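Have a look at the structure below before the remarks.
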Amino acid sequence: MSAKTNASASAAEDAESHPVAIAPAIMDPPVADLHTFADAPSDAVPEPLFSDLGLAEPIQRAIDEMGYRHPTPIQAQAIPYVLMGRDVLGVAQTGTGKTASFTLPMLEILSGSRARARMPRSLILEPTRELALQVAENFVNYGKYLKLNHALLIGGESMAEQKEVLNRGVDVLIATPGRLIDLFERGGLLLTQTRLLVIDEADRMLDMGFIPDIEKIVSMLSPLRQTLFFSATMAPEIRRLADMFLQNPKEITVSRPSSVATTIEAGLVIVEEAEKRRALRRMLRDDAVQNAIVFCNRKRDVDVLYKSLVKHGFSAGALHGDLPQSVRFSTLEKFKAGELKILVCSDVAARGIDIGGLSHVFNFDLPFHAEDYVHRIGRTGRAGRSGHAYSLATPFDRTLAAAIESLTGHPIPRLDVEGIAQMPWSEEERPRGGRGKKGKGNDHRGPAKPPAPRHKDTPPVAAPAAQASEPAPVAAAQVEAPLPRKAEPRRPQEQERPVRHRDRGPEDNGASVTGFGDDIPAFMLLPRRMFVVAPSAEDEAGEPS
DNA sequence: AAAAAAG
């Protein structure tokens with residue numbers, strides 16, 4: 001045990017995002033994994049070597065020592081352009097090796113000279129503190145043979161300390177926007193000498209309302225700078241920002257987390273609100289659950305669920321934005337190091353956080369925004385490994401589920417959890433405990449909804465014994481691309497799962513679902529899969545919820 | 001309606 005704890009420094013590295021998107025594979029011989037890469041039919045190109053990228057010896061040595069030989073696609077494509085001083089527009093998400101695609105060439109560029117007091121030479125903007133830390137770790141790993149220093153400028157931690165570090169001069173400043181602006185306005189730093197800017201996770205910055213801050217920060221920098229801009233998606237709004245911040249950028253897109261087709265097995269369980277925790281516990285007790293992130297929509301619910309899980313003997317931690325920063329970091333480290341098996345969290349960890357070999361993601365609540373579903377489940381099934389993404393819904397979450405399915409273009413197969421009563425979708429509005437909607441009289445939509453047959457009369461759909469044991473895997477490439485802007489070229493699983501999505505499923509199937517018109521989510525017509533978990537003693541004993 | 005980030 002102590003050995004494991006002592007290894008936490010290196011365990012942190014293990015769990016860290018790596019140049020090759022095989023986070024846990026640092027233990028494996030990298031070559032073996034790379035053969036898998038090479039075998040992937042879609043990538044028939046010979047693989048480049050890190051040593052071909054022209055990185056300085058100290059950097060190359062650090063890479064070698066970490067056991068990496070081949071850059072990921074984004075690294076192979078971006079690094080040469082960054083080194084030649086071009087602006088880069090990278091469409092990629094964490095898990096593609098994105099972080100090292102800018103940290104490595106930055107180290108190279110910065111290695112020539114030293115920083116001056118209060119004038120950081122480069123600036124990396126991250127949307128959350130955890131991501132900032134992740135990038136900082138990357139610099140530690142790859143910069144170990146260089147004399148460069150970096151500083152983390154984030155909220156929730158002592159400003160005096162950060163000021164002091166800045167005064168000593170930093171080469172790489174990694175910051176969240178709020179604290180950076182704060183310090184800047186207090187005169188704690190000058191950005192006039194900052195010639196290298198990285199805007200990471202731009203789409204998330206947008207979602208979080210950081211764009212005005214980013215614009216402000218960019219305006220503090222010299223126009224004579226190199227800018228690297230990364231986003232998981234390229235929505236029009238993001239494109240506009242890129243045009244604003246970048247000059248003649250080299251655009252690089254990697255659509256998949258790695259060249260290996262990863263799969264995420266998704267599932268949806270519909271239960272009464274009061275049964276959610278019990279259902280979750282059952283699912284968590286499945287032997288396949290190595291480690292899991294459990295997402296809640298609210299911080300309060302994170303706290304409640306976390307305490308409940310601990311009370312039931314689970315090895316769990318909680319993570320959300322209201323917890324002290326020191327706790328946030330240490331909890332995440334413990335989870336990455338395997339000291340905690342379950343991490344209950346808010347959407348603070350929904351994006352970007354890279355945890356190697358995460359076997360399961362659970363949505364204790366369906367997210368309010370369908371895109372968040374995609375981001376959340378993208379924490380698993382990374383780097384060519386299979387992942388599991390199971391969601392709990394109450395009967396009132398029908399529209400949330402429908403939004404997710406329409407976004408991903410894939411039905412979420414329904415799951416049954418043994419010993420838990422499965423529910424149909426409700427026709428009713430969610431009962432609101434007190435304030436909220438002002439009455440339900442906003443029915444200006446007209447009488448379009450016919451009183452269709454009740455869902456609960458629908459038989460539990462006789463299973464055509466199709467994939468009774470193995471649910472259809474969802475190709476991660478499909479799931480990971482949140483906003484399929486153009487028509488998807490192909491959908492491999494369509495032939496595997498012949499679902500009547502559009503053509504009036506109800507009559508065809510004998511099943512009937514209200515409220516969807518002709519556009520019944522196909523999963524509703526699919527057989528359910530049984531999620532079998534050995535009942536535990538406590539569960540049998542009956543318990544406080 | 002919620003979370004994140006400044007305090």
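Below, chain A is the first sequence line, B the second, and so on; all start at residue 1. Remember, predicted model here, so these are calculated numbers, not experimental data. Side chains are part of it too, since the values below use all heavy atoms of this structure and drop only hydrogens, waters and symmetry mates.
Computed from coordinates, the A/L305 CG to B/dA2 C1' distance equals 17 Å when rounded to whole Å. Atom NZ in A/K216 sits roughly 18 Å away from atom P in B/dA5 (whole-Å rounding). Atom-to-atom, CZ of A/R328 to P of B/dA5 comes out at 4 Å; the value is rounded to the nearest Å. Rounded to whole Å, the distance from CD on A/E157 to C1' on B/dA6 is 14 Å. At whole-Å resolution of the value, CG in A/D200 and C1' in B/dA4 are 15 Å apart. Between the CZ atom of A/R298 and the P atom of B/dA3 there is a distance of 7 Å, given to the nearest Å. For A/F295 and B/dA4, the CZ to P distance is 12 Å, given to the nearest whole Å. Atom NZ in A/K299 sits roughly 13 Å away from atom C1' in B/dA1 (whole-Å rounding).
As judged by a 4.0 angstrom heavy-atom cut-off over every strand, A/R186 is placed among residues making no nucleic acid contact. Within 4.0 Å (heavy atoms only), A/G209 reaches no atom of the nucleic acid at all. Looking at heavy-atom distances under 4.0 Å, A/H320 makes contact with sugar-phosphate atoms alone, never a base.
Here the side chain of A/N149 pairs a donor or acceptor atom with the backbone of A/D171 at under 3.5 angstrom. Under a 3.5 Å cut-off, the side chain of A/Q226 and the backbone N or O of A/V82 do form a donor-acceptor pair. A/T96 places no side-chain N or O within 3.5 Å of a backbone atom of A/A92 that could act as its donor or acceptor partner.
Residue A/T176 has no polar side-chain atom (N or O) positioned under 4.0 Å from OP1 or OP2 of B/dA4. The side chain of A/R129 places no N or O atom within less than 4.0 Å of a non-bridging phosphate oxygen (OP1 or OP2) of B/dA3.
Taking the ring centre of A/F314 as origin, the terminal cationic atom of A/K341 falls outside the region bounded by 6.0 Å and 45° from the ring axis.
Here the nucleotide nearest the side chain of A/S346, chosen from B/dA5, B/dA1, B/dA3, is B/dA3.
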- request: Check the pair A/T103 / A/N138 against side-chain hydrogen bond (donor to acceptor under 3.5 Å, both in side chains), numbers first and verdict last.
  value: CA-CA 7 Å; A/T103 56; A/N138 218 281; 2.8 Å; yes

